[in-house]
Structures are given as C-alpha cells and as structure tokens.
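Have a look at the structure below, then the notes.
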Protein chains: 2
Amino acid sequence: MNGLNDGPSEQVMRRQASPSGPAESEGGLPEQAWTLLFELLHTHMRNFPALAAEFELSPVQAHVLRQLGEGALAMSTLANYLSCDASNVTGLVDRLEARGLVERKSSEQDRRVKMLVLTEAGAELRGRLMARLSAPPPLIAAMPDEDLAALRDIMRRALKTQ
Amino acid sequence: MNGLNDGPSEQVMRRQASPSGPAESEGGLPEQAWTLLFELLHTHMRNFPALAAEFELSPVQAHVLRQLGEGALAMSTLANYLSCDASNVTGLVDRLEARGLVERKSSEQDRRVKMLVLTEAGAELRGRLMARLSAPPPLIAAMPDEDLAALRDIMRRALKTQ
DNA sequence: TATTGTTATACTCTATAACTATA
DNA sequence: TATAGTTATAGAGTATAACAATA
C-alpha cells in the first residue's frame with residue numbers, strides 16, 4: 001500500500017472551492033477560466049498517488065507505464081520526458097524490470113542506447129491503469145450533456161491549435 | 001536545483017495529443033470530454049515539480065504552502081489532506097520550519113495538537129508561488145475569449161453543483 | 001571529445017512500528 | 001483506552017559527480 005491513510009477516521013474539514021488560487025473573479029478571462037480548472041487539476045493531482053497505488057505502482061512508475069505504451073523508448077528520452085536526471089531512470093527501470101513489467105533492449109544502431117519496451121505483463125497492467133485513469137472523475141461525470149459537449153469542443157480546438 | 005534537466009540538449013520527440021488515453025472518440029460524452037482534459041492535466045502534473053523547484057520547494061512542500069494559506073492547520077489535518085502518514089508530516093514540517101517558512105503552535109484546547117501557521121517569509125513565498133501557479137498555461141492563454149468564457153461558466157456550474 | 005547509461009553518495013518523501021504526552 | 005505527534009528504520013525518488021563503453 002502506498003500514499004494513503006487507511007481509515008476514514010479523520011475529521012475531514014472540507015473546504016469550499018478555491019482553497020488556494022486568487023479570487024476567481026480577479027484577472028482577465030484566461031485567469032478566470034484557469035483558476036477554476038486549477039481546482040479540478042489539483043484535486044486530481046492529490047489523488048494520483050492513491051490511484052497509482054491501486055496497481056502497486058508509485059506515481060512515477062505509473063507515468064512511465066503510461067508513456068511506454070506508445071512504443072519503445074530510449075532511457076534518455078524517458079529521462080527527458082520525466083524531467084529527471086538519467087541516473088534516476090536506471091534505478092526506476094531496475095525496479096520495473098525486476099517486477100517483469102519492462103525490458104531493456106540494446107539498440108542496434110547505437111550500442112550505447114538501451115530501448116525500453118513493455119513486457120506482456122507490463123502491457124496488461126498498463127491497459128488496466130489507463131482504463132482507470134480515463135474514467136471521468138465525479139465532477140465531470142455529473143455535468144449535463146450540454147456542458148460536456150461544449151467542454152469537449154473547446155478542448156478539441158485548444159489542443160488542435162496548440 | 002530540483003526536478004529538471006538543465007539544457008535543451010535533448011532530442012525532444014514531441015508527441016501528438018493523447019499519448020496515453022483511449023481514442024478520444026470512444027465512450028460517451030463524459031469520457032470524450034475527460035480524455036481531452038486529461039491531456040492538459042498530465043502536462044501540468046509533469047511540470048509541477050519543475051515549477052515548485054523554481055521556489056526551491058519539493059512538490060509536496062509546494063502543496064503544503066498552498067494549503068497553509070487558508071489559515072492554521074493541525075498536523076493531523078495536513079496529513080489527511082496530503083493522504084500521507086502523520087509521521088511524514090513531522091519531517092516535512094521540520095524542514096519547512098528550519099527554512100523559516102512555517103511555525104508550530106501548541107493548541108490551547110488540546111495540548112496534544114500542534115497548529116501550523118505560515119511565518120511572514122512563508123506567506124511571502126506562498127504569494128509568489130500562487131501567482132506562478134495561477135498563471136494560465138499557454139494552451140489556456142491561447143484560447144479565444146468566447147471559449148474562455150464558456151469554459152469558465154461550465155466550470156463554475158460544475159464546482160457549484162459538486 | 002561528446003554522449004549513454006551506470007555506480008556511488010546524499011537528501012527528501014513515504015510507510016510501518018514503537019514510543020510519549022496528553023485526553 | 002484512544003489520539004496527536006515523534007522517533008527509528010527501511011525503501012523509493014531525486015540530484016550531483018565520477019566512470020565505462022561507445023560514438
């Protein structure tokens with residue numbers, strides 16, 4: 001188990017929206033919209049370790065599995081993706097390899113490079129992880145269809161323009 | 001420095017949208033909308049350690065400062081908020097206290113409890129951190145006003161209903 | 001010479017378990 | 001007895017620095 005208190009024994013002291021950001025009414029339109037998204041975002045970030053722990057993965061390991069689904073990746077590319085030093089990736093991959101989730105394959109073109117690929121077990125675990133990650137959180141699930149469609153269209157445009 | 005490669009010496013190998021989730025067209029409206037938001041979310045999550053490092057904070061320390069801005073918090077409440085064991089909070093607060101950012105104050109009502117408050121320096125740092133966190137990311141900043149207003153209104157409704 | 005990955009070392013974050021001081 | 005916080009210990013994530021193999 002990882003990243004969680006077991007019991008619901010706590011006095012929760014729930015807070016209203018925006019426990020952190022500036023008043024939502026401040027700033028221009030981008031700030032107003034972002035401040036609200038920020039809420040959802042940080043709630044999700046807070047829950048991510050617990051979500052990864054459901055699969056007995058650390059948050060970083062979950063990121064690695066997520067990324068590795070796209071195909072083979074050089075260790076250095078992974079280090080870059082994770083914004084961490086290459087020396088970390090060695091240990092990170094050691095542990096994933098020990099669990100039989102990934103494999104190192106030496107590159108033929110450049111024998112310094114080691115490519116990472118998911119094992120069958122790794123791909124299976126990744127599939128379950130991705131399904132879990134892709135399940136809309138309650139706040140999204142509760143939205144009316146009209147808002148969901150608008151949100152989808154807005155995000156489609158934004159990601160396309162990017 | 002923390003959580004970052006220094007140079008832009010890497011071959012970036014950028015990917016298109018959705019490096020992870022299921023096809024965006026799958027599922028119902030909630031899944032479609034969520035899959036797109038998911039993209040933005042994980043990009044933000046990936047950058048969070050680097051962002052915290054700009055203030056020489058670990059990601060967790062940044063979360064603590066963010067949360068502590070709302071007022072005094074018992075150590076146990078903070079542990080609950082962070083979804084971590086109480087024993088971690090001791091060390092976490094030790095380090096923040098050593099840097100002069102927070103203070104422990106014994107509660108008068110229950111002398112077992114220690115309340116955490118920001119010092120003046122802590123409040124100042126938190127202010128700069130929050131300003132940085134609240135700055136809309138490029139993807140949001142580039143949205144047309146019409147989409148921003150719609151997004152804001154949708155999120156307002158969602159957070160209110162919650 | 002420069003780059004890829006490893007090893008060595010040190011610090012932070014995390015968990016569990018045993019302890020203390022209060023309640 | 002139960003709870004809030006600490007201490008002790010161990011494993012994982014992170015950084016820097018030095019290194020081997022390869023380019």
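Lettering of chains follows the sequences in order, A, B, ..., and the numbering in each one begins at 1. Because only heavy atoms are used, hydrogens play no part in the values below, and waters and symmetry mates are left out as well, while side chains stay in.
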- Message: The criterion is salt bridge (Lys or Arg N to Asp or Glu O under 4.0 Å); which residues satisfy it with R157(A), sequence neighbours excluded?
- Response: D147(B)

- Item | Qualifying residues under salt bridge (Lys or Arg N to Asp or Glu O under 4.0 Å), relative to R128(A), sequence neighbours excluded | E124(A)

- Item | Set of side chain to side chain donor-acceptor pair (under 3.5 Å) partners for D153(B), sequence neighbours left out | none

- R104(B) and D94(B): CA distance, side-chain angles, deciding distance, salt bridge (Lys or Arg N to Asp or Glu O under 4.0 Å) verdict: CA-CA 9 Å; R104(B) 287 170 163 99; D94(B) 281 350; 2.9 Å; yes

Write out a two-atom table: protein N or O, nucleotide N or O from nucleotides 8-12 of chain D, distance below 3.5 Å.
none

- Query: What about H42(B) and F48(B), are their ring centers closer than 6.0 Å?
  - Reply: no

What integer distance in Å separates [X]:[atom1] from [N]:[atom2]?
X      : N       : atom1 : atom2 : value
Y81(B) : dT14(C) : OH    : P     : 13 Å
L82(B) : dT12(C) : CG    : P     : 17 Å
F48(B) : dG13(D) : CZ    : C1'   : 16 Å
N80(B) : dG5(D)  : CG    : P     : 12 Å
N88(A) : dC13(C) : CG    : P     : 15 Å
M75(B) : dT22(C) : CE    : P     : 16 Å
L73(A) : dT4(C)  : CG    : P     : 14 Å
D85(A) : dA17(D) : CG    : C1'   : 10 Å

- Item | Residues clustering with V113(A) (ILVMFWY side chains joined when closer than 4.5 Å, directly or via others) | M115(A)

- Query: Run the side-chain contact (heavy atoms from CB on, under 4.5 Å) check on L159(B) and L139(A) step by step: do they pass?
  - Reply: CA-CA 7 Å; L159(B) 288 163; L139(A) 188 136; 3.6 Å; yes

- Return the nearest nucleotide to the side chain of V60(B); candidates are dC13(C), dT14(D), dG5(D). dC13(C)

- Does the side chain of R99(A) reach to within under 4.5 Å of the side chain of L125(A), using non-hydrogen atoms? yes

- Just to confirm, is there a sub-4.0 Å distance from OP1 or OP2 of dG5(C) to any side-chain nitrogen or oxygen of S76(A)? yes

- Message: Could you measure the distance from the CD atom of E146(A) to the CG atom of L29(B)? Nearest 0.5 Å is fine.
- Response: 11.0 Å

- Ordered by number, residues from residues 97-116 of chain B within less than 4.0 Å of DNA chain D (heavy atoms) are R104(B), R112(B), V113(B), K114(B)

